[in-house]
Amino acid sequence: MHKGFPKVFSADSFHVTFLKFNCMKRIFYFLFAGFVLSSAPARAQETDADVIKKISNNILTRGTAYENLRVLCKEVGPRLSGSAGAALAVKETFRMMQAMGADTVYLQEVMVPHWVRGEKEICDLQLGNGKTYPLSVCALGNTEGTGKAGIKAGIVEVKNFEELAALGTAAVRGKIVFFNHPMDPTFIRTFEAYGEAGQYRSRGPAMAAKYGAVGAIVRSLASNIDDFPHTGNTAYNDSFPKIPAVAVSTLDAEYLSAALKKQPGAQVYMRTTSTMLPDALSHNVVGEIRGTEFPDEIITVGGHLDSWDLAEGAHDDGAGCVQSMEIIRVLKELGMRPKRTIRVVMFMNEENGLRGGRKYAEIAKTENKKFIFALESDAGGFTPRAFAFSEGGATLDRLRRWASLFEPYGISAFTCPGGGADIGPLRPLGTVLCGLQPDSQRYFDHHHAANDVFEAVSNRELELGAINMAALVYLVSKYGL
Ligand SMILES: [Zn+2]
């Protein structure tokens with residue numbers, strides 16, 4: 001029950017008394033702590049749980065991941081390979097890792113594809129009564145445009161490749177193929193739905209071209225119905241023409257499908273001016289803390305620095321970059337020297353080429369070092385849930401002995417299989433790979449779309465990911481694998 005302050009205290013005198021009390025409390029704690037430290041013959045051995053708690057407290061109170069993410073998103077902005085943004089991101093992350101006190105920070109040169117989107121895309125559904133409905137679209141990554149004049153053609157809708165093959169050349173030639181394959185909502189882990197539906201974005205345009213189509217419209221890979229078109233990589237097949245292709249928002253995919261049922265002969269006017277320029281010089285950025293006992297055993301940890309051009313790349317993959325760099329900061333600030341070498345890598349060009357990941361492994365092969373472990377964060381800056389490893393069996397059993405150390409910080413499972421796109425090329429070197437798996441329910445609301453912005457990332461969730469990553473890297477650096 002609240003009784004109010006005694007009458008003898010004015011608000012001010014209470015305040016002064018309270019401050020005095022607080023001050024005395026601090027002096028007492030100070031003396032008490034001094035007594036404990038000096039009276040104990042040797043400080044009790046710090047357990048791994050203690051160290052991880054220290055890492056966690058430091059990141060939660062003094063972390064810089066969120067601020068660094070702000071810089072990447074708001075000051076650098078979109079970072080597609082070959083763009084000025086990508087070059088600036090290289091400079092900024094180099095500076096960040098130097099400021100964190102990495103023993104060395106260096107660049108790895110890599111030639112990257114240089115694709116440009118060109119002018120704002122147009123994709124108008126002709127409704128027949130002289131009216132048009134502008135579909136919300138964006139050109140798919142690495143595709144060639146329609147040319148300035150654009151194209152006008154009828155549309156055939158298919159749900160999958162089987163339906164496309166059944167229609168065959170007779171029905172498809174000269175048309176625009178509309179791949180309307182939703183991400184399957186029954187998958188609980190949304191990456192599984194992405195894996196299954198993703199083939200229509202990556203191979204759909206090439207398959208449509210095989211049957212003589214002049215263009216492709218692909219339903220966005222998004223978990224929900226919204227009006228953002230989600231871009232992503234498309235691969236042509238050299239045997240067929242490179243036809244223009246766009247992603248359409250899920251909302252407009254639904255609209256288009258309904259419109260085509262009423263008006264099967266409807267046409268679309270499509271105009272895109274995207275194109276592939278000659279390869280450009282770019283870089284991976286590597287920050288290193290050398291190991292004290294086994295400097296030639298390398299632990300790689302990273303995310304990809306490039307992003308699609310129409311967003312800030314906050315979840316994909318600014319989050320993974322700043323979480324990885326945070327490991328350098330926290331180890332340096334806590335004065336922890338790892339036994340094995342830790343390399344934090346900002347991989348370039350994951351989105352539309354994977355050249356950075358391949359280059360890193362190519363150089364690794366020549367280094368005469370042991371690349372024992374690689375950890376990647378490229379699944380969003382959401383609350384961490386699991387670590388997924390490339391190895392099962394005895395390796396996973398050994399790793400699982402650490403699992404209980406992670407439970408207080410949100411990681412509830414060590415699973416297999418796992419890994420990541422950028423660290424994948426290290427596998428032939430015998431590297432054990434691991435991917436951080438955050439909660440995936442909201443990832444495909446933002447993935448490769450204009451709403452993948454800084455504001456979509458929670459500071460707390462981002463930091464929790466960094467804590468778990470730093471803890472795992474700490475354990476591997478201490479015990480090896
Ligand atoms: Zn990514």
Side-chain angles (χ1 to χ4, degrees), residues 55-56 58-59 63-73 76 79 89-90 92-108 283-289 298-307 313-333 336 338 340-350 356-357 360 371 373-382 384 387-388 409 411 418-424 426 431 433-438 457 459 461-477:
I55 289 172
S56 175
N58 182 282
I59 290 178
T64 58
Y66 193 57
E67 167 58 14
N68 289 336
L69 184 64
R70 188 196 63 76
V71 171
L72 272 187
C73 292
V76 176
R79 310 176 288 280
V90 166
E92 284 294 323
T93 51
F94 190 99
R95 176 189 62 75
M96 286 171 188
M97 288 195 275
Q98 267 187 334
M100 287 168 175
D103 294 338
T104 171
V105 185
Y106 56 94
L107 301 179
Q108 292 179 330
H283 304 88
N284 293 330
V285 189
V286 186
E288 200 171 289
I289 304 182
I298 311 291
I299 296 162
T300 303
V301 52
H304 66 85
L305 195 49
D306 61 311
S307 78
H315 281 293
D316 189 17
D317 183 25
C321 290
V322 300
Q323 287 171 327
S324 301
M325 290 191 292
E326 186 70 358
I327 296 170
I328 295 180
R329 190 203 60 77
V330 72
L331 294 185
K332 291 306 270 193
E333 198 168 301
M336 293 166 62
R340 293 167 172 82
T341 294
I342 296 168
R343 268 194 196 170
V344 172
V345 186
M346 306 287 102
F347 293 100
M348 184 52 69
N349 186 228
E350 189 273 342
Y360 181 79
F371 288 77
F373 182 66
L375 170 62
E376 182 167 323
S377 168
D378 184 18
F382 297 102
F387 279 125
Y409 308 97
I411 292 270
D422 281 305
I423 56 176
L426 287 172
T431 310
L433 312 180
C434 177
L436 174 69
Q437 289 190 339
V457 178
N459 180 23
E461 295 181 6
L462 182 75
E463 285 176 343
L464 268 181
I467 290 165
N468 283 282
M469 290 169 69
L472 184 59
V473 165
Y474 154 72
L475 290 170
V476 177
S477 73

Trainee: Do Leu472 and Phe373 have side chains that get closer than 4.5 Å, going by heavy atoms?
Mentor: yes
Trainee: Quick check: closest heavy atoms across Leu375 and Phe387, and the distance to 0.1 Å?
Mentor: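 Looking at all heavy atoms of both residues, the shortest contact is CD1-CE2, 3.9 Å.
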Trainee: Treating Thr431 as the side-chain partner and Phe371 as the backbone partner, does any N or O pair qualify as donor plus acceptor under 3.5 Å?
Mentor: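 A pair under 3.5 Å: yes.
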Trainee: Partners of Thr300 by side chain to side chain donor-acceptor pair (under 3.5 Å), sequence neighbours excluded?
Mentor: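 So Thr300 forms a side chain to side chain donor-acceptor pair (under 3.5 Å) with Tyr360.
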Trainee: Do you know the tightest heavy-atom contact between Ile342 and Leu331?
Mentor: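 In terms of heavy atoms, the two residues are closest at CD1-CD1, 3.5 Å.
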Trainee: Using the test side-chain contact (heavy atoms from CB on, under 4.5 Å), find all partners of Ala421 that sit at least two apart in sequence or belong to another chain.
Mentor: Glu350, Leu354, Glu376
Trainee: Find out whether Lys332 and Asp103 are in side-chain contact, i.e. whether some heavy atom of one side chain is under 4.5 Å from a heavy atom of the other.
Mentor: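 Contact flag for Lys332/Asp103 side chains = yes.
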Trainee: Taking it one step at a time, do Met325 and Met346 satisfy side-chain contact (heavy atoms from CB on, under 4.5 Å)?
Mentor: CA-CA 9 Å; Met325 290 191 292; Met346 306 287 102; 3.7 Å; yes
Trainee: Drop me the distance from Leu462's CG to His315's NE2, to the nearest 0.5 angstrom.
Mentor: 9.0 Å
Trainee: To the nearest 0.5 Å, how far apart are CZ in Arg95 and CE in Met100?
Mentor: 9.0 Å
Trainee: I need the minimum non-hydrogen distance between Arg79 and Leu72, along with the two atoms involved.
Mentor: NH1-O, 3.1 Å
Trainee: Measuring from atom CD of Glu326 to atom CD1 of Ile55, what distance do you get when rounded to the nearest 0.5 angstrom?
Mentor: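 Reported to 0.5 Å precision, the distance equals 11.0 Å.
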Trainee: Does Ser56 have any side-chain contact (heavy atoms from CB on, under 4.5 Å) partners at least two apart in sequence or in another chain, and if so, which?
Mentor: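 With sequence neighbours excluded, Ser56 shows a side-chain contact (heavy atoms from CB on, under 4.5 Å) to Leu60, Tyr409, Ile467, given in chain and number order.
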Trainee: Check whether any side-chain heavy atom of Ile327 lies under 4.5 Å from a side-chain heavy atom of Tyr474, and answer yes or no.
Mentor: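 No, their side chains stay 4.5 Å or more apart.
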Trainee: I need the minimum non-hydrogen distance between Pro438 and Gly380, along with the two atoms involved.
Mentor: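 It is CG-O, 3.2 Å.
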Trainee: Does any part of the side chain of Val285, heavy atoms only, come nearer than 4.5 Å to the side chain of Leu107, both counted from C-beta?
Mentor: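 Result yes, sub-4.5 Å side-chain heavy-atom pair found.
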Trainee: When you measure from the side chain of Asn284 to the backbone N and O of Gly356, does any donor-acceptor pair fall under 3.5 Å?
Mentor: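 Yes, Asn284 side chain to Gly356 backbone: donor-acceptor pair under 3.5 Å.
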Trainee: Looking only at heavy atoms, which two atoms of Ala388 and Gln437 are closest? And how far apart?
Mentor: CB-NE2, 3.5 Å
Trainee: Going by the rule salt bridge (charged side-chain N to carboxylate O under 4.0 Å, His left out), which residues pair with Arg340 if we only count those two or more places apart in sequence or in a different chain?
Mentor: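 Applying salt bridge (charged side-chain N to carboxylate O under 4.0 Å, His left out) to Arg340 gives Glu297.
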Trainee: Stepwise, does the side chain to side chain donor-acceptor pair (under 3.5 Å) test hold for Asp316 with His304?
Mentor: CA-CA 8 Å; Asp316 189 17; His304 66 85; 2.9 Å; yes
Trainee: Taking only residues two or more places apart in sequence or in another chain, which ones pass side-chain contact (heavy atoms from CB on, under 4.5 Å) with Asn459?
Mentor: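 Once residues adjacent in sequence are excluded, the partners of Asn459 under the side-chain contact (heavy atoms from CB on, under 4.5 Å) criterion are Tyr66, Glu463.
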Trainee: Are side-chain heavy atoms of Val71 and Met96 found at a separation under 4.5 Å?
Mentor: yes
Trainee: Testing the basics here: between Ile59 and Ala470, what is the closest heavy-atom pair and its distance to 0.1 Å?
Mentor: CD1-CB, 4.4 Å
Trainee: In Å and rounded to the nearest 0.5 Å, what is the CD1 to CE distance from Ile289 to Met336?
Mentor: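 It comes to 9.5 Å.
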Trainee: Counting distance only, does the side-chain N/O of Asn468 pair as donor-acceptor with the main-chain N or O of Leu464 below 3.5 Å?
Mentor: yes
Trainee: Give, for atom CG of Leu305 and atom CG of Asn349, the distance between the pair rounded to the nearest 0.5 Å.
Mentor: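 Output value for this atom pair is 11.0 Å.
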Trainee: Can you tell if the side chain of Asn68 reaches within under 4.5 Å of the side chain of Thr93, non-hydrogen atoms only?
Mentor: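 A side-chain contact under 4.5 Å is absent here.
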Trainee: Can you name the residues that form a salt bridge (charged side-chain N to carboxylate O under 4.0 Å, His left out) with Glu333, not counting sequence neighbours?
Mentor: Arg62, Arg329
